Participant: 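For reference, the structure I am asking about is given below.
Position 1 is the first residue of the sequence; numbering continues from there. Predicted, not measured: the structure shown is a model, and the values here were computed from it.
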Amino acid sequence: MEADRGLFDLTGRVALVTGAASGLGLAAAVGLARHGADVACVDLRAELCGETVDRVRALGRRGLALGVDVTDERGVRAAVERTVAELGKLDILLNAAGITKRVPSTEIRPEDWRRVVEVDLVGTFLCCQAAGRQMLRQGNGSIINVSSIAGFGGIGRGNTAYSASKAGVIGLTRELAVEWAPTVRVNALAPVQFRTPFIAAVLADEELTKRMIAKIPMGRMGEPEEIVGPVVFLASDASSLVTGVTLPVDGGYLAQ
């Protein structure tokens, strides 16, 4: 039986991707466009999304660059409104914006701890809330949050704020999935370490990098393009009965 290629076809759909200027957000935004979606690219400053939008448009899709701090409720709401006004609707939200602060728990300043939680957890919620309102009005939508393997267990090295936030993202994903079903599907991804600017400081430490890779059964970190398949799956009709799930993209890390 021939495979139904339409399951993964996003033609005619509109996506909003936060953290779209680099790393997993950039790769996912371009990947969504490659599968047919128009993409609103969000980052702290609109100009940071220039390369992403150029690549989206080069694929024949419409692209929109929006400068937004995901912790700013009004800014997030305005980004959704502008996406709908200029691109027509909002079918897909990918929350890829995130930060960390690697400082021992005995030394991290409360304001730094709060900032990580504000961006990684509160920002994710604000984007879900604004997009969810629009999707519920439309009668459909798919939200994909980015958690982490750190949301399932401690990874050490002073990542308490990050790990707590990413565990919160998993709980948020489950709660919204139940609350908004069957209209809006809400899922999450839990990546292992990927070779992106987000972990540049880690990659600069050769011994630390080796120790991290040694914990991954597949023997390597992820490459940015490897996030595209899971994102497209959760965004598309291929996952039409999937909601409330956190999908590891981790080379077997969480199977141990």
Side-chain angles (χ1 to χ4, degrees), residues 8 10 15 17-35 37 39 41-43 48-49 51-52 55-56 92-102 116 119-121 124 142-159 162-163 165-167 169-170 173 187-236 238-239 242 245-256:
F8 299 95
L10 300 176
V17 178
T18 72
S22 65
L24 298 186
L26 187 158
V30 175
L32 288 166
R34 192 178 300 124
H35 283 78
V39 186
C41 301
V42 169
D43 218 289
L48 295 176
C49 295
E51 177 188 348
T52 311
R55 292 175 63 180
V56 166
I92 302 158
L93 168 67
L94 173 65
N95 282 309
I99 62 171
T100 191
K101 189 77 174 180
R102 298 181 183 91
V116 174
V119 173
D120 293 3
L121 180 55
T124 294
S142 175
I143 293 175
I144 306 161
N145 297 322
V146 177
S147 181
S148 166
I149 57 169
F152 287 90
I155 57 176
R157 304 188 311 281
N159 279 291
Y162 182 75
S163 293
S165 298
K166 292 304 186 179
V169 168
I170 294 171
T173 298
N187 293 290
L189 300 172
V192 75
Q193 293 87 357
F194 273 62
R195 291 188 180 275
T196 68
F198 187 78
I199 62 165
V202 172
L203 295 173
D205 185 330
E206 187 174 336
E207 288 305 313
L208 176 57
T209 299
K210 287 180 180 178
R211 291 198 301 272
M212 291 171 65
I213 290 175
K215 296 179 180 180
I216 304 171
M218 288 187 70
R220 63 182 180 84
M221 293 184 180
E223 299 295 337
E225 284 297 315
E226 292 181 291
I227 206 69
V228 174
V231 167
V232 170
F233 167 66
L234 292 176
S236 71
S239 59
V242 178
V245 167
T246 298
L247 173 65
V249 189
D250 66 349
Y253 185 98
L254 291 175
Q256 301 176 94

Participant: How many angstroms lie between CG in Leu93 and OG1 in Thr124, if you round to the nearest 0.5 Å?
Facilitator: 8.5 Å

Participant: Going from CE on Met212 to CD1 on Ile155, what distance comes out if it is rounded to the nearest 0.5 angstrom?
Facilitator: 7.0 Å

Participant: To check you understand the geometry: which heavy-atom pair defines the closest contact between Pro191 and Ile227, and what is its length?
Facilitator: CG-CD1, 4.3 Å

Participant: Report yes if the side chains of Met221 and Leu203 come closer than 4.5 Å at any heavy-atom pair, otherwise no.
Facilitator: yes

Participant: Can you name the side-chain hydrogen bond (donor to acceptor under 3.5 Å, both in side chains) partners of Asn145, sequence neighbours left out?
Facilitator: Asn95, Thr173

Participant: Can you tell me how far apart CD (Gln193) and OG (Ser148) are? Round to the nearest 0.5 Å.
Facilitator: 7.5 Å

Participant: Just grab all the side chain to side chain donor-acceptor pair (under 3.5 Å) pairs involving residues 215-224, residues at least two apart or on different chains.
Facilitator: Arg220-Glu226

Participant: The criterion is side-chain contact (heavy atoms from CB on, under 4.5 Å); which residues satisfy it with Leu48, sequence neighbours excluded?
Facilitator: Ala21, Asp43, Arg45

Participant: Search all heavy atoms of Gly251 against all heavy atoms of Ile216 and return the closest pair with its distance.
Facilitator: O-CG2, 3.8 Å

Participant: When rounded to the nearest 0.5 angstrom, what distance separates CD1 in Ile92 from CD1 in Ile143?
Facilitator: 11.0 Å

Participant: Quick one: OG1 on Thr209 to CD1 on Ile199, what's the gap to the nearest 0.5 Å?
Facilitator: 7.0 Å

Participant: For Thr100, check side-chain hydrogen bond (donor to acceptor under 3.5 Å, both in side chains) against everything at least two apart and list the hits.
Facilitator: Asn159

Participant: Between Ala97 and Thr18, which heavy-atom pair has the shortest distance, and what is it?
Facilitator: N-OG1, 3.0 Å

Participant: With distance as the sole test, does Ser147 use its side chain to make a donor-acceptor pair with the main-chain N or O of Leu189 at under 3.5 Å?
Facilitator: no

Participant: Using the side-chain contact (heavy atoms from CB on, under 4.5 Å) criterion, which residues pair with Asp120? Sequence neighbours excluded.
Facilitator: Ile99, Val116, Tyr162, Ser165, Lys166

Participant: Report the distance from atom CD1 of Ile144 to atom OG1 of Thr246, rounding to the nearest 0.5 Å.
Facilitator: 12.0 Å

Participant: State which residues pass side-chain hydrogen bond (donor to acceptor under 3.5 Å, both in side chains) with Asp250; sequence neighbours excluded, sorted by chain then number.
Facilitator: none

Participant: Closest heavy-atom contact between Cys49 and Cys41?
Facilitator: SG-O, 3.5 Å

Participant: Closest heavy-atom contact between Gly25 and Ala96?
Facilitator: CA-CB, 3.9 Å

Participant: The criterion is side-chain contact (heavy atoms from CB on, under 4.5 Å); which residues satisfy it with Ser236, sequence neighbours excluded?
Facilitator: Phe8, Leu10, Ala238

Participant: Heavy atoms only: give me the nearest Ala15-Leu32 pair and the separation to one decimal.
Facilitator: CB-CD1, 3.9 Å

Participant: By side-chain hydrogen bond (donor to acceptor under 3.5 Å, both in side chains), which residues pair with Thr52, not counting sequence neighbours?
Facilitator: none

Participant: Which residues pass the side-chain contact (heavy atoms from CB on, under 4.5 Å) test with Glu206, not counting sequence neighbours?
Facilitator: Lys210

Participant: Check salt bridge (Lys or Arg N to Asp or Glu O under 4.0 Å) between Arg102 and all other residues, then give those that pass, not counting sequence neighbours.
Facilitator: none

Participant: Hey, does Val146 have a side-chain heavy atom less than 4.5 Å from the side chain of Val169?
Facilitator: no

